[in-house]
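Worksheet: one structure, shown below.
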Amino acid sequence: MLSSRIGGKSKRSGELLAQKLQNEGITNQDVLKAIAHSPRHIFLPEILAHKAYDNTALPIGQGQTISQPYIVAKMSELLIAGKRPCNILEIGTGSGYQTSILAQLTDKVFSVERIQSLQWQAKRCLRAMDLHNVAMKHGDGWQGWQSKGPFEAIIVTAAPASVPPALLSQLADGGRLIIPVGEKTQILKIITRNGDNFNEQQIEAVRFVPLVPGDLL
Ligand code: SAH
């Protein structure tokens, strides 16, 4: 049972990780609280659980990775800065760890993943954490999730070579999209919608797995 792996020890580890991220410049208290409360070890294969509270990306199988806690916190902070969004679309559920943080920061999260086995495992983790405000879709993130939009915030945790037009069109007016863009070199961007205008701001160089076009697994 996954829920039996959420113990008292992880609470202390989560708090220490949040402290570390605060020292590295994360300031949003809601984000730090969500990090402190999230048992990152349950999102990892058991053999890597001892590294769960290190500030590093780790493999989760299928050639994919759980994002580095700093980048999870940074993207979450950028997503909710100024105005807390009521709904968030996430592309690339992966382990579900980023999803669990978002679920603590908004009313409803919609998350799309192309590898079904990862999605099932992520679902189990969110259930073990008693988070029930996440809807998941096995689908191609390049298409977004049109029937559930528009979204006040969209976060993409895999890198496309260019911004998928469907994601721009599913962004609510005033909403923001956070996305790593590029192939060899990737830049994290925030795109804010103002009617038909999209304002772009570059944040920092990052490294994500590619947003794969096409076939689902
Ligand atoms: N936030 C996740 C990151 C997972 S890595 C975590 O911390 O665990 C990125 C994920 O994006 C992978 O699970 C990969 O399968 C998924 N992905 C890649 N291309 C995709 C696409 N076109 N549509 C949906 N998901 C995609």
Side-chain angles (χ1 to χ4, degrees), residues 2 14 17 21 31 34-35 38-45 48-49 51-79 88-106 109-126 128-129 131 134-146 148-149 151 153-168 170 177-183 186 188 206-217:
L2 267 178
L17 177 58
L21 299 182
V31 171
I35 297 273
S38 298
R40 190 170 183 254
H41 65 283
I42 69 166
F43 294 89
L44 284 163
L48 289 176
K51 294 192 173 172
Y53 299 92
D54 294 354
N55 187 15
T56 54
L58 293 164
I60 53 171
Q62 310 272 352
Q64 306 304 322
T65 51
I66 183 171
S67 305
Q68 182 194 10
Y70 171 79
I71 204 76
V72 169
K74 182 76 187 169
M75 288 171 88
S76 305
E77 181 169 84
L78 291 167
L79 210 57
I88 300 179
L89 172 66
E90 177 188 44
I91 304 299
T93 316
S95 67
Y97 176 67
Q98 169 86 67
T99 323
S100 79
I101 302 296
L102 298 174
Q104 296 173 67
L105 299 170
T106 187
V109 180
F110 298 89
S111 190
V112 180
E113 169 58 54
R114 69 182 278 274
I115 302 178
Q116 193 148 51
S117 57
L118 290 180
Q119 186 182 48
W120 283 335
Q121 180 60 16
K123 244 183 217 173
R124 286 193 280 271
C125 292
L126 295 173
M129 282 179 72
L131 293 170
V134 178
M136 289 197 186
K137 174 176 163 148
H138 180 222
D140 176 12
W142 280 86
Q143 311 306 322
W145 193 341
Q146 188 169 4
K148 303 293 183 187
F151 302 98
I154 302 180
I155 176 172
V156 185
T157 66
S162 59
V163 179
L167 299 185
L168 293 175
Q170 290 167 29
L177 163 64
I178 308 237
I179 184 166
V181 183
E183 286 170 299
Q186 302 168 0
L188 188 63
V206 285
R207 181 169 281 271
F208 281 86
V209 296
L211 188 72
V212 181
D215 290 351
L216 303 184
L217 297 177

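Predicted model, so just to flag it, every value in this text is computed and none were measured. Both ligands and their constituent atoms are indexed starting at 1 by order of listing.
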Distance-only criterion, 3.5 Å: show the donor-acceptor pairs between side-chain atoms of residues 57-67 and protein atoms not counting sequence neighbours.
residue, atom, partner, partner atom, Å
Gln62, NE2, Ser117, OG, 3.1
Gln64, NE2, Gln62, O, 3.2

Whether the Glu90 and Thr99 side chains hold a donor-acceptor pair (N or O, under 3.5 Å, no angle test) is what I'd like checked.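 Yes.
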
Whether the Ser111 and Gln119 side chains hold a donor-acceptor pair (N or O, under 3.5 Å, no angle test) is what I'd like checked.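 No.
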
Residue set satisfying ring-ring contact (aromatic ring centres under 6.0 Å, His included) with Phe110, at least two apart, ordered chain then number -> Trp145, Phe151

Could you pull out all residues at least two apart from Trp142 that satisfy ring-ring contact (aromatic ring centres under 6.0 Å, His included)?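 So Trp142 forms no ring-ring contact (aromatic ring centres under 6.0 Å, His included) with any residue.
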
Ring geometry between His41 and Tyr53 (parallel below 30°, tilted from 30 to 60°, perpendicular above 60°): tilted

Could you go through ligand 1 and list every pair where one of its N or O atoms sits under 3.5 Å from a protein N or O, giving the atom names and the distance to one decimal?
residue, atom, partner, partner atom, Å
ligand 1, 1 (N), Thr157, OG1, 3.3
ligand 1, 7 (O), Ser67, N, 3.0
ligand 1, 7 (O), Ser67, OG, 3.4
ligand 1, 8 (O), Ser95, N, 3.0
ligand 1, 8 (O), Ser95, OG, 2.6
ligand 1, 13 (O), Glu113, OE1, 2.7
ligand 1, 13 (O), Glu113, OE2, 3.3
ligand 1, 15 (O), Glu113, OE2, 2.6
ligand 1, 19 (N), Val212, N, 2.9
ligand 1, 22 (N), Asp140, OD1, 3.0
ligand 1, 22 (N), Val212, O, 2.6
ligand 1, 23 (N), Gly141, N, 2.7
ligand 1, 25 (N), Arg114, N, 3.3

